[in-house]
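This report concerns only the one structure given below.
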Protein chains: 2
Amino acid sequence: MFATYFAIMTYTKATAFGEEQQELAKMAKVLSHPARIAILQHLARTQRCISGDIAQEIPLSRTTVSQHLQELKSAGLIKGEIDGLTVCYCIDKEQFTKAAAMMATFLQQVASSYDCDCQPNPIPA
Amino acid sequence: MFATYFAIMTYTKATAFGEEQQELAKMAKVLSHPARIAILQHLARTQRCISGDIAQEIPLSRTTVSQHLQELKSAGLIKGEIDGLTVCYCIDKEQFTKAAAMMATFLQQVASSYDCDCQPNPIPA
DNA sequence: AAAGTATGTCGCAAACATACGTCATACTTA
DNA sequence: TAAGTATGACGTATGTTTGCGACATACTTT
């Protein structure tokens, strides 16, 4: 107990990243591969929910595309329904919108930060 | 020459990812680690351009934080000015805003896509 | 000049991501 | 029921990222 406290206090700095920081990083990670961007764009553009034809649109093997789809799915950004032989994927609009809003808010906050002129630390607190 | 053509044509699908897809993925990758999110938030929040004090705010060693700073810098999202002993980092507002806008547009486009009900491929083109 | 401080760079180990061939599953159609 | 097709899961090779200690650099202060 004391030991635990001590261990924590020894670390002057933050002990872990915040919930939101981890959420944002996770969202960003999902988007951090061109194949997954391409898949999302394709799903957004197409009128119908294309299944494995997606692999036709992307310069990767079917296996690899399937993996990327799994990743997008387990992140909750898309959903897939089995319909007989084929699987119909589409954007999970609700979840995607939520995650996108969080990301957009973060970007907005950082972008609208005060424009620094890189002066040396003014008040060495 | 013919061989090259043949090699290209053999690939029915796209040969490479688009410029924009790669740009977006790159931006996302930079944001795909909680430490880098935390650093950006910290820089945005702080009135003055903190240098190595950043390491105090983050649950990682100074070395590792320095690396993350380098990554943000080489992605152009932040800039750092040496001022004697310390280095003053801050958001590169122009570049960050540009990248953020690109990302926000992409998210918006996907989020505002048509809401699919996952019917089986209607017209098997 | 010597000691001190803020930083960055190097090199390594461990963890993770990517790509893809092959195999397993489950449905369709003949 | 057998052949065919669309998929996902498994295994594995190869590459990339992360984290950090130890060292190098460059400036400041005494």
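Below, all heavy atoms of this structure are taken into account, side chains as well, without hydrogens, waters or symmetry copies. Lettering of chains follows the sequences in order, A, B, ..., and the numbering in each one begins at 1.
Comparing the axis of the opening five pairs of the helix from C:dA1-D:dT30 to C:dA30-D:dT1 with that of the closing five pairs yields an angle of 20°, rounded to 10°.
Contact annotation: A:Thr64 reaches the phosphate of C:dC20 (side-chain N/O to OP1 or OP2, under 4.0 Å). For A:Lys29 and D:dT17, the shortest distance from a side-chain N or O to OP1 or OP2 is not below 4.0 Å. Residue B:Tyr89 has no polar side-chain atom (N or O) positioned under 4.0 Å from OP1 or OP2 of C:dA6. Note on B:Ser66: a side-chain N or O is less than 4.0 Å away from OP1 or OP2 of C:dG8. Put simply, A:Thr86 has no side-chain N or O that comes within less than 4.0 Å of OP1 or OP2 on D:dA6. Residue A:Ser61 places at least one side-chain N or O closer than 4.0 Å to OP1 or OP2 of C:dC20. B:His68 has a side-chain polar atom (N or O) that falls below the 4.0 Å cut-off from OP1 or OP2 of D:dG19.
Residues forming a side chain to side chain contact (heavy atoms under 4.5 Å, CB included) with A:Ala104 (at least two apart in sequence, or on another chain): none.
In the interface, the side chain of A:Arg62 is paired with the base of D:dG8 through a donor and an acceptor atom under 3.5 Å apart. The base of D:dG8 lies outside donor-acceptor range of the side chain of A:Gln67, with no N or O pair under 3.5 Å. Applying the 3.5 Å distance criterion, the base of D:dA9 shares no donor-acceptor pair with the side chain of A:Gln70.
Straight-line distance from the CG atom of B:Leu31 to the C1' atom of D:dT17: 16 Å, rounded to whole Å. Between B:Ile82 atom CD1 and D:dC27 atom C1' the separation is 10 Å, expressed in whole Å. One can place CG of A:Leu60 at 17 Å from P of C:dA17, the figure rounded to the nearest angstrom. Note: CG (B:Leu69) to P (D:dC20) measures 14 Å, nearest angstrom. In this entry the distance linking CD of B:Gln22 with P of C:dT18 reads 14 Å, nearest Å. Counting to the nearest Å, the P atom of C:dT18 and the CG atom of A:Leu72 are 11 Å from each other. In this structure, B:Asp83 places its CG atom 18 Å from P of C:dT5, rounding to the nearest Å. Nucleotide D:dT18 holds its C1' atom 13 Å from the CD1 atom of B:Ile39, rounded to whole Å.
Residues A:Phe96 and A:Leu72 have side chains not in contact (no heavy-atom distance under 4.5 Å, counting atoms from C-beta outward). Residues A:Thr64 and A:Ile58 have side chains not in contact (no heavy-atom distance under 4.5 Å, counting atoms from C-beta outward). Within the 4.5 Å cutoff, side-chain heavy atoms of B:Leu69 are placed close to those of B:Ile39.
Ring pair A:His33/A:His68 is tilted by interplanar angle, where 30° to 60° counts as tilted.
Judged by closest nucleotide on DNA chain C, B:Leu85 is the one of B:Leu85 and A:Ser32 placed further toward the 5' end. Remark on DNA chain D: of its neighbouring residues B:Gly84 and B:His33, the 5'-side contact belongs to B:His33, judged by nearest-heavy-atom nucleotide.
Residues B:Leu85 and B:Val87 are members of separate hydrophobic clusters, defined by side-chain heavy-atom contacts under 4.5 angstrom among Ile, Leu, Val, Met, Phe, Trp and Tyr.
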Residues 21-32 of chain A, side-chain donor-acceptor partners within the protein, below 3.5 Å, at least two apart:
unit_1	atom_1	unit_2	atom_2	d
A:Gln21	OE1	A:Gly18	N	2.8
A:Gln21	NE2	B:Gln41	OE1	2.9
A:Ser32	OG	A:Lys29	O	2.6

Run the numbers on A:Thr63 and A:Ser66 for side chain to side chain donor-acceptor pair (under 3.5 Å), then give the verdict.
-> CA-CA 5 Å; A:Thr63 312; A:Ser66 179; over 6 Å; no

